[in-house]
Amino acid sequence: MLNKITIDDATVNERVYKLNLGPQHPSTHGVMHFILTLDGEVVISCEPNIGYSHRGHEKMAENRIYEQFLPNPPRMDYLSGLIFNYGYCQAVERLCGIEVPRRAEFIRVITSELNRLASHFIGAMDFVMGLGAYTPFIYGWDDREQILDLLEAVAGSRLPYSYGRFGGVRNDIDQAFCDGTRRFIDRLRKRLKDYHDLVTGNIIFIKRTQNVGVITKETALEFGVTGPTLRGSGIKYDVRKHEPYSIYPEFKFEIPTREEGDCLSRYLVRMAEMEQSLNIIEQALDRLPSGPIRAKVPRFVTPPAGECYFAFESARGAVGFYIVSDGSRIPYRIKVRAPSFSNLYVMTKICPGHFLADVIAIFGSIDVTVPEIDR
Amino acid sequence: MTELIQIIKDIYAFFGYDLTVGLVGLVVLLAFVPLNVVFMVWFEMKVAAHITLRPAFMRVGPHGILQNLADGIKMLGKDLITPKLADKFLFWIAPIVIFVPSFVGFVVIPFSPLMQIKDLNVGILLIFSFSSLTVFSILMAGWSSNNKYSLVGAVRSVAQNVAYEIPLLLSTMSVIIMTNSFRMSDIVAAQTPVWYILYQPIAALIFVISTTAECNRSPFDLVEAESELVSGFHTEYTGIRFGMFFMAEYTNMFIAASMATVLFLGGWHGPFLPGVIWFIIKVFFLIFIIYWIRWTFPRVRFDQLMNFAWKILIPISLLNLMITAIVLKVI
């Protein structure tokens with residue numbers, strides 16, 4: 001079946017019109033703005049217009065001490081905030097040479113994988129809602145709610161966590177949390193089957209997503225795409241495996257990939273990653289050591305002059321924190337490499353030739369968070 | 001005054017109409033249609049909520065049954081905003097035009113042998129011809145709003161309605177040639193031992209699919225696909241004007257379900273209970289199925305929608321019609 005239309009350049013200029021998709025639009029996940037050039041319903045060009053939720057996080061970092069910047073990274077990617085929070089902590093720890101106790105590392109892995117699950121629920125189910133199915137989305141929120149309840153009990157907040165501290169975490173986890181997490185894992189294993197029954201096998205869903213928005217390997221590498229979007233294009237790259245950090249090398253988990261590179265494969269990769277996250281959490285809970293949860297660090301860290309780059313895998317791809325220190329208590333410069341930004345711009349290449357409805361599907365399947373693009 | 005009424009009555013009687021029945025019918029309709037919509041919206045919210053494991057609204061009245069009434073009253077008090085560059089006249093008249101076919105459809109629906117305003121000999125045709133007007137209004141609304149989303153929605157609506165009216169009529173025809181009558185009561189009366197759904201299962205399926213598309217319900221709700229076109233053709237409408245479109249959508253759904261009940265589910269026939277209750281039960285069973293589909297499936301894409309109509313539904317319904325005709329001729 002024809003899924004992409006070849007655009008005939010000779011006649012098209014007379015018929016095109018521009019459509020501003022967003023910034024206020026039901027399915028642009030916040031304030032995303034696309035300037036679409038359309039011929040009827042066929043997209044000729046798609047130009048993302050970013051900056052609507054730019055809040056100057058990087059500039060803010062230059063005016064406050066390292067500890068005061070802790071709440072900011074979770075506000076960049078609000079859906080996987082805990083991972084960002086830990087990423088920043090780990091970057092500063094690498095800069096200062098702080099050794100993190102093993103229990104703290106385990107807690108970090110457990111909670112960040114839970115957070116990744118919560119984020120993937122939104123990612124996958126918001127995509128399905130963009131296609132018009134509302135029910136899986138609500139089911140996704142239901143399961144995510146369980147995760148948020150677990151994380152709330154340990155981290156104290158539900159969305160923009162600042163649970164990580166330099167050299168460890170803020171609170172210890174208790175038996176109730178471990179039991180709750182195990183119960184949740186059992187529940188989710190059953191529920192994932194329901195999602196596959198409800199969504200993945202659906203003929204309309206497959207028709208809408210197969211061969212839509214194909215990102216080839218070359219395009220993916222060209223645009224610096226990372227995360228599930230890259231793995232959906234068949235490239236086996238995950239920062240957790242390839243540039244290991246924290247205690248990830250100690251766990252057994254797969255990197256799910258698919259060769260097709262279309263919306264369906266990105267969705268399936270995301271769903272498969274959820275199962276892998278469950279495996280990691282289970283292994284971490286089994287081997288959870290006792291001990292301190294925070295290294296002895298001074299009240300205010302003062303890193304030596306120098307710079308450090310720390311890469312980690314958020315729910316959306318490889319994030320990099322680049323910190324330049326001039327030896328004072330205030331960072332000289334913090335630069336964040338946001339995966340959503342690179343992932344988003346691949347749309348300019350893959351959208352032309354698709355229908356207007358496909359733009360929504362592609363945007364949903366790439367799964368970006370807008371505040372992370374703008375920072 | 002009484003003389004005047006008598007004269008009007010006589011004029012109506014001359015053309016074969018009974019004014020009293022007409023007036024009573026009008027009043028009943030004016031009361032029934034909005035209340036029915038209120039109930040249907042409540043019903044949809046409850047079905048949706050239970051499918052998605054929620055209780056839905058529970059505060060206003062028992063199980064929130066008065067919630068939609070309150071919403072409707074709120075809608076009446078809202079500002080009616082007309083976009084600056086809109087075509088004022090078309091923008092104003094479109095919500096009124098969309099409501100006419102829904103009202104007219106009720107005239108011929110036989111709730112029970114006695115509860116029917118007018119048993120026209122072309123009842124089925126009347127509903128079809130008026131329901132075609134709906135697309136006219138959607139086009140007016142989409143064009144006059146001066147909004148690209150509305151326009152895309154309107155253009156989609158025209159193509160969709162034209163495409164899906166054909167299988168709809170073809171599947172109806174296979175019932176009509178079995179009864180040899182367009183009269184609603186004849187069709188119901190013909191189904192005394194066996195409902196037509198058993199003779200014509202394919203036609204019934206095609207009818208339900210096509211009416212789902214005709215009423216712009218999911219998975220064929222491309223006209224107002226909220227994740228693509230914001231609200232489609234009624235993006236720019238506010239207050240009760242939006243409410244009119246909303247009411248028309250639900251009323252059309254009710255009429256479509258009534259038609260399906262008359263054509264395939266034996267109308268008012270049923271044991272023990274009175275006919276009107278059986279009719280309402282069957283209608284709401286069909287409406288429940290439409291809701292169920294809406295809250296389960298994703299939306300199809302526009303080219304897939306058209307392919308489905310032209311390449312699958314129309315050939316099958318033609319074939320079905322042909323086989324029906326041949327079988328009837330042979331028997």
Side-chain angles (χ1 to χ4, degrees), chain A residues 1-5 17-22 24-29 36 38 40-42 125-143 145 191 194 197-200 202-210 212 263 267 354-361 363-364, chain B residues 44-45 47-56 142 146-160 209 212-213 216-232 235-236 291-308 311-312:
Chain A
M1 204 186 86
L2 185 71
N3 258 323
K4 204 163 178 174
I5 289 176
Y17 63 99
K18 285 218 150 94
L19 179 71
N20 286 303
L21 195 80
Q24 306 298 333
H25 188 276
S27 58
T28 50
H29 307 197
L36 300 175
L38 296 168
E41 287 210 32
V42 181
M125 295 309 147
D126 222 34
F127 163 56
V128 179
M129 193 178 75
L131 301 176
Y134 203 73
T135 304
F137 176 68
I138 301 276
Y139 288 177
W141 281 95
D142 184 19
D143 281 328
E145 191 68 19
R191 290 276 288 190
D194 289 351
D197 288 347
L198 183 62
V199 181
T200 317
N202 192 314
I203 180 80
I204 299 176
F205 176 75
I206 292 170
K207 288 259 178 204
R208 280 294 305 273
T209 52
Q210 215 162 31
V212 169
C263 291
Y267 163 82
H354 281 305
F355 288 97
L356 173 60
D358 291 332
V359 174
I360 306 297
F363 183 59
Chain B
E44 165 146 38
M45 288 299 124
V47 170
H50 286 288
I51 288 174
T52 55
L53 312 171
R54 295 176 287 134
N146 193 30
N147 179 318
K148 284 164 191 165
Y149 292 119
S150 306
L151 186 61
V152 172
V155 170
R156 280 178 176 190
S157 145
V158 175
Q160 181 178 336
I209 292 172
T212 315
N216 303 326
R217 294 292 298 179
S218 182
F220 309 113
D221 60 340
L222 291 145
V223 177
E224 46 202 277
E226 88 280 347
S227 60
E228 297 153 28
L229 299 181
V230 189
S231 283
T235 305
E236 296 287 355
Y291 290 164
W292 191 3
I293 294 169
R294 157 117 168 70
W295 291 92
T296 310
F297 287 122
R299 188 181 301 119
V300 297
R301 205 173 56 200
F302 193 64
D303 57 323
Q304 294 164 353
L305 177 87
M306 299 313 276
N307 283 344
F308 188 56
K311 292 187 184 163
I312 298 174

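We name chains A, B, ... by the order of the sequence lines, and we start the count at 1 in each one. When reading the values below, keep in mind they use all heavy atoms of this one structure, side chains included, and skip hydrogens, waters and symmetry mates.
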Quiz prompt | Spacing of CZ belonging to B:Arg299 relative to CZ belonging to A:Arg208, to within rounding of 0.5 Å | solution = 7.5 Å

Quiz item: Which heavy-atom pair separates B:Pro219 from A:Ile204 by the least distance, and what is that distance?
Solution: CB-CD1, 4.0 Å

Practice problem: For B:Tyr149 and A:Leu19, work out which heavy atoms get closest and say how close. | Solution: CE2-CD2, 3.9 Å

Quiz item: Considering only heavy atoms, which portion of A:Asp142 lies under 4.5 Å from any heavy atom of chain B: side chain, backbone, both, or neither?
Solution: side chain

Quiz prompt | Considering all heavy atoms, the nearest B:Thr52-A:Tyr139 contact | solution = CA-CE2, 3.7 Å

Quiz item: Where does A:Tyr17 contact chain B at under 4.5 Å (heavy atoms): side chain, backbone, both or neither?
Solution: side chain

Quiz item: Only one of A:Leu356, A:Leu131, A:Asp358 forms a side chain to side chain contact (heavy atoms under 4.5 Å, CB included) with B:Arg301, so which one is it?
Solution: A:Asp358

Self-check item: From A:Ile138 atom CD1 to B:Ile51 atom CD1, the distance as rounded to the nearest 0.5 Å
Solution: 11.5 Å

Quiz item: Minimum heavy-atom separation for B:Thr296 to A:Asn202, with atom names?
Solution: O-ND2, 4.4 Å

Quiz prompt | Crowding at CZ, B:Phe302 (>12 non-hydrogen neighbours, <6.0 Å) | solution = yes

Quiz prompt | chain B contact via A:Leu21 - side chain, backbone, both or neither, heavy atoms under 4.5 Å | solution = both

Practice problem: Test side chain to side chain contact (heavy atoms under 4.5 Å, CB included) on A:Glu41 and B:Val152 and set out the steps. | Solution: CA-CA 8 Å; A:Glu41 287 210 32; B:Val152 172; 3.6 Å; yes

